[in-house]
Amino acid sequence: MVRPVMLKPYYDAFMRLWWLAVRPTRGRTALALRTAIVCMVLVIIGEIWQLPMLTLLTLTLGALWQGNRVANMKISIMYVIFFSGVVAVLYVGVATTINNFLATLIFNLILSFIFFYLSTTSILGMISVIGGLILSYMLVALDSVQSGDSIARLILSAWRVFLIIGGMLAFVGSCFSPSPEHVLTDQIIERLRLSAKCLGRRGEGRAIPQAWQDAVMDTVGEGVSGMFGMLGAAAMEQRWSAEDLSYLRRAALNSFGVLQFVERCLKPNAPISEEDSAYLAQRLREVADCFEENSRPTEMGTFQVCSGEVAQEMERLLNRMDQPLTAEEAQLPSGPLSGVAPKKKPAFFLPGAFTDPEHVRFAVKGTVSVCIAIITYKMLNWPGVHTCIITCFIVSLPTMGAVLDKQRLRIVGALMGCCMAMGTIIWLMPHMTDVAEIMLVIGVVIFIGAWVKAGDQRISYLGLQIIVTFTLSDLAKYAPTTDLTVPRDRIIGILIGLAITYVVHTLFWPHSAMGGVMQKLKALDGMLAQDVTGWNHDQRLLQAARVQETASGAMSQLRQAMIEPVSMRPTQHRMRQYVLFLRRAAANAGSLFGDVAESHQKKVIRLGQILKGEEMASLKEGGSF
């Protein structure tokens with residue numbers, strides 16, 4: 001008989017994933033609602049105009065839709081330009097390979113290689129992946145069309161679809177999406193209120209819930225790069241003055257500092273009194289209210305009330321919330337880390353695009369997966385399993401750990417989406433009398449998927465899969481679906497695609513996630529070795545944010561490496577040493593600023609000390625995986 005205590009780790013892991021999926025954060029509901037509405041509008045347009053590839057419309061829009069209007073506008077411009085050129089190439093390629101399966105297959109594989117290569121080496125990213133799966137699906141579908149005129153009309157219709165999607169991203173996204181300044185303000189308020197909740201519980205003498213502790217640690221791991229990126233996007237709008245952005249820059253940096261100190265106060269024996277916790281919780285709520293009403297606090301004062309060292313540091317950060325922080329001041333001696341848009345436009349290709357052989361290997365592995373999927377699809381002569389081709393594009397990633405992690409999320413999301421589709425077909429479709437009811441059901445499911453997608457990046461892909469699988473099942477025709485074999489075929493196709501991708505990525509140049517982990521570990525070791533005692537307070541705070549971001553990224557990749565085959569990852573003992581170092585690094589990040597750093601009292605553990613066994617007694621801090 002299995003003892004209940006043996007099930008506790010699995011129960012805790014499930015509850016953590018559940019909390020990541022349902023955690024209410026500021027702006028999450030609005031983003032999910034906007035995504036659902038714009039997808040519903042696109043489905044209505046597709047049904048009225050009888051657009052081709054109706055099932056892929058929501059996939060494209062759901063994957064590319066962003067949370068602010070500047071990002072939506074940038075993506076729409078790249079999307080329209082990219083796909084206009086691709087459609088022209090597609091027309092020429094199809095015209096020269098019509099009625100020749102081998103030539104069409106070769107042309108398809110050439111395009112697939114290019115799309116896979118661009119997805120990791122250029123700023124296109126997800127746009128290139130979407131382009132690859134749509135065009136591969138189109139070429140397979142056009143192979144059965146015998147008339148050249150029909151093919152030309154279908155390609156022109158596909159171009160119209162691309163223009164509609166780009167227009168929805170540009171115009172609807174500009175009208176209904178918030179500005180980057182608004183998104184950044186929401187993020188600052190969210191951090192302040194989360195800090196206030198945790199300190200309020202400590203002030204009442206009660207334990208802080210584990211879900212709140214996880215939220216604090218996850219948010220601290222995000223650092224300030226995302227918020228400074230929002231400042232850069234806000235500067236591109238040219239609607240906000242440099243003074244307004246400088247106040248937001250200060251608030252973003254100080255809100256991170258407050259939250260990092262709150263992380264040190266989560267345990268019962270934390271170095272902060274209940275009186276200081278209650279006072280700081282009230283101050284944090286007042287500052288958050290000021291941001292909601294006036295976009296920034298004014299006249300914070302310089303008085304000191306708290307007595308403890310940690311509480312005094314948080315109070316200093318709060319008192320400086322009404323001071324500006326210019327872009328020139330927000331940079332480190334070792335390199336700039338500013339929140340303004342760069343003066344030079346970024347290049348189309350990323351650094352190392354033509355020198356790193358891993359990019360070519362990844363493109364080859366993805367192309368081989370697509371080739372096997374197309375041949376399998378044709379041999380089976382089973383139109384319903386075309387999702388095997390789509391799956392090869394969606395779950396192909398440079399490292400083996402990332403592939404396996406994404407495959408698990410796709411399986412779970414696909415099962416959830418198909419269950420929703422089958423439930424709709426069995427229990428709801430027989431009672432529906434008009435298109436409004438059908439659109440309402442579609443909107444509800446898309447909202448659920450968009451809600452999950454708008455959450456933590458570790459499970460956001462799960463939400464996208466719910467949207468994709470449901471629409472592939474219930475929007476298979478220009479009429480309500482009543483056949484249960486449709487969602488069944490979609491699941492089978494997904495499983496076939498996952499199996500093909502796993503085999504190819506395992507046999508051909510398997511690349512472990514440990515390569516990225518070691519790069520981050522070395523970078524983190526160098527950051528901790530820097531002497532910050534001569535830096536000012538803001539510079540030390542920026543350095544602490546860099547340490548937290550690097551440690552969080554390394555821990556995320558380390559989790560992916562854990563699910564790789566045993567032959568590709570280090571021993572369990574070595575993995576625990578890496579985890580111990582990352583946890584020590586995150587803990588030492590709080591010592592990079594404040595009185596501790598000024599009085600030269602910080603003690604930093606180095607990676608070499610742990611790997612040489614000098615910290616063997618503390619290896620239990622590495623915890624379980």
- Item | Ser177-Asn72 side chain donor-acceptor pair, cut-off 3.5 Å | yes
- Taking atom CG of Asn68 and atom NZ of Lys74, what is their separation to the nearest 0.5 Å? 9.0 Å
- Query: What's the spacing between Asp214 CG and Asp456 CG if we round to 0.5 Å?
  - Reply: 10.5 Å
- Rounded to the nearest 0.5 Å, how far apart are CE of Met562 and CD of Gln560? 9.5 Å
- Query: Between Arg26 and Gln187, is there a donor-acceptor pair closer than 3.5 Å when you use the side chain of the first and the backbone of the second?
  - Reply: no
- Task: Using a 4.5 Å cut-off on heavy atoms from C-beta on, say whether the side chain of Leu284 contacts that of Arg193.
- Result: no
- Query: Any idea how Phe362 and His505 line up, ring-wise: parallel (<30°), tilted (30 to 60°), or perpendicular (>60°)?
  - Reply: tilted
- Contact check, side chains of His182 and Ser179, non-hydrogen atoms, under 4.5 Å: yes
- Message: Quick one, Cys265 and Cys198 - any side-chain contact, counting heavy atoms below 4.5 Å?
- Response: no
- Query: Where do Val579 and Met555 land on the side chain to side chain contact (heavy atoms under 4.5 Å, CB included) test, with the steps shown first?
  - Reply: CA-CA 7 Å; Val579 173; Met555 186 67 77; 4.2 Å; yes
- Item | Short side-chain to backbone donor-acceptor contact, Arg250 and Leu325, under 3.5 Å | no
- Message: Does the Lys NZ or Arg CZ of Lys365 fall within the cation-pi geometry relative to Trp509 - under 6.0 Å from the ring centre and within 45° of the axis?
- Response: no
- Message: Within this structure, what is the NZ-OG distance for the pair Lys453 and Ser460, rounded to the nearest 0.5 Å?
- Response: 6.5 Å
- Under 3.5 Å: donor-acceptor pair, side chain of Glu564, backbone of Gly401: yes
- Determine yes or no for a side-chain-to-main-chain donor-acceptor pair under 3.5 angstrom, with Ser128 supplying the side chain and Phe115 the backbone. yes
- Could you tell me which non-hydrogen atom of Arg191 sits nearest to which non-hydrogen atom of Ser255, and how far apart they are? CD-OG, 3.9 Å
- Heavy atoms only: give me the nearest Ala207-Arg201 pair and the separation to one decimal. O-NH2, 2.9 Å
- Query: Between the main-chain N or O of Ile390 and the side-chain N or O of Thr387, is there a donor-acceptor pair closer than 3.5 Å?
  - Reply: no
- Item | For Pro570 against Tyr578, the heavy-atom pair lying closest together | CG-CE1, 4.3 Å
- Query: Is there a side-chain contact between Val258 and Glu313, using heavy atoms and a 4.5 Å cut-off?
  - Reply: no
- Task: Scan side-chain atoms only and decide if Thr471 and Thr58 contain a donor-acceptor pair under the 3.5 Å cut-off.
- Result: yes
- State whether the side chain of Gln548 and the backbone N or O of Glu222 hold a donor-acceptor pair below 3.5 Å, judged by distance alone. no
- Query: Stepwise, does the side chain to side chain contact (heavy atoms under 4.5 Å, CB included) test hold for Leu409 with Lys406?
  - Reply: CA-CA 5 Å; Leu409 292 176; Lys406 213 167 188 180; 5.6 Å; no
- Any ion pair linking Asp405 and Arg559 (charged N to carboxylate O, less than 4.0 Å)? no
- Met514 side chain reached by Met518 side chain, heavy atoms, under 4.5 Å: yes
- Could you tell me if the ring centre of Phe261 sits under 6.0 Å from that of Phe256? no
- Does the side chain of Met78 reach to within under 4.5 Å of the side chain of Met73, using non-hydrogen atoms? no
- Task: Report yes if some heavy atom in the side chain of Leu133 is under 4.5 Å from a heavy atom in the side chain of Ile389; otherwise report no.
- Result: no
- Taking the six-membered ring where the residue is Trp, are the ring centres of Phe393 and Phe116 under 6.0 Å apart? yes
- Message: For Asp218 versus Arg458, what's the shortest heavy-atom pair and its separation?
- Response: OD2-NH2, 2.9 Å
- Query: So how far is it from Phe508 CZ to Thr367 OG1, rounded to the nearest 0.5 Å?
  - Reply: 11.5 Å
- Where do Ser122 and Leu350 land on the side chain to side chain contact (heavy atoms under 4.5 Å, CB included) test, with the steps shown first? CA-CA 5 Å; Ser122 70; Leu350 302 177; 5.7 Å; no
- Please tell me if the side chains of Ile127 and Ile75 come closer than 4.5 Å, counting only heavy atoms from C-beta onward. yes
- Message: With a sphere of 6.0 Å drawn around CD of Gln210, does it hold more than 12 non-hydrogen atoms of other residues, nucleotides or ligands?
- Response: yes
- What distance do Leu397 atom CG and His511 atom NE2 have between them, rounded to the nearest 0.5 Å? 11.5 Å
- Query: Angle class for the Tyr117/Phe113 ring planes (parallel below 30°, perpendicular above 60°, tilted otherwise)?
  - Reply: parallel
- Of the non-hydrogen atoms in Pro565 and Met400, which two are nearest, and what is the gap between them? CD-CG, 4.2 Å
- Check: Ala513 main-chain N/O paired with Gln557 side-chain donor or acceptor under 3.5 Å: no
- Message: Less than 4.0 angstrom from a charged side-chain N to a carboxylate O is my criterion; do Glu549 and Arg546 meet it?
- Response: no
- Give the minimum heavy-atom separation between Asn254 and Leu317, together with the two atoms involved. ND2-O, 2.9 Å
- Item | Check against side chain to side chain contact (heavy atoms under 4.5 Å, CB included), Val445 and Ile467 | CA-CA 7 Å; Val445 176; Ile467 298 175; over 6 Å; no
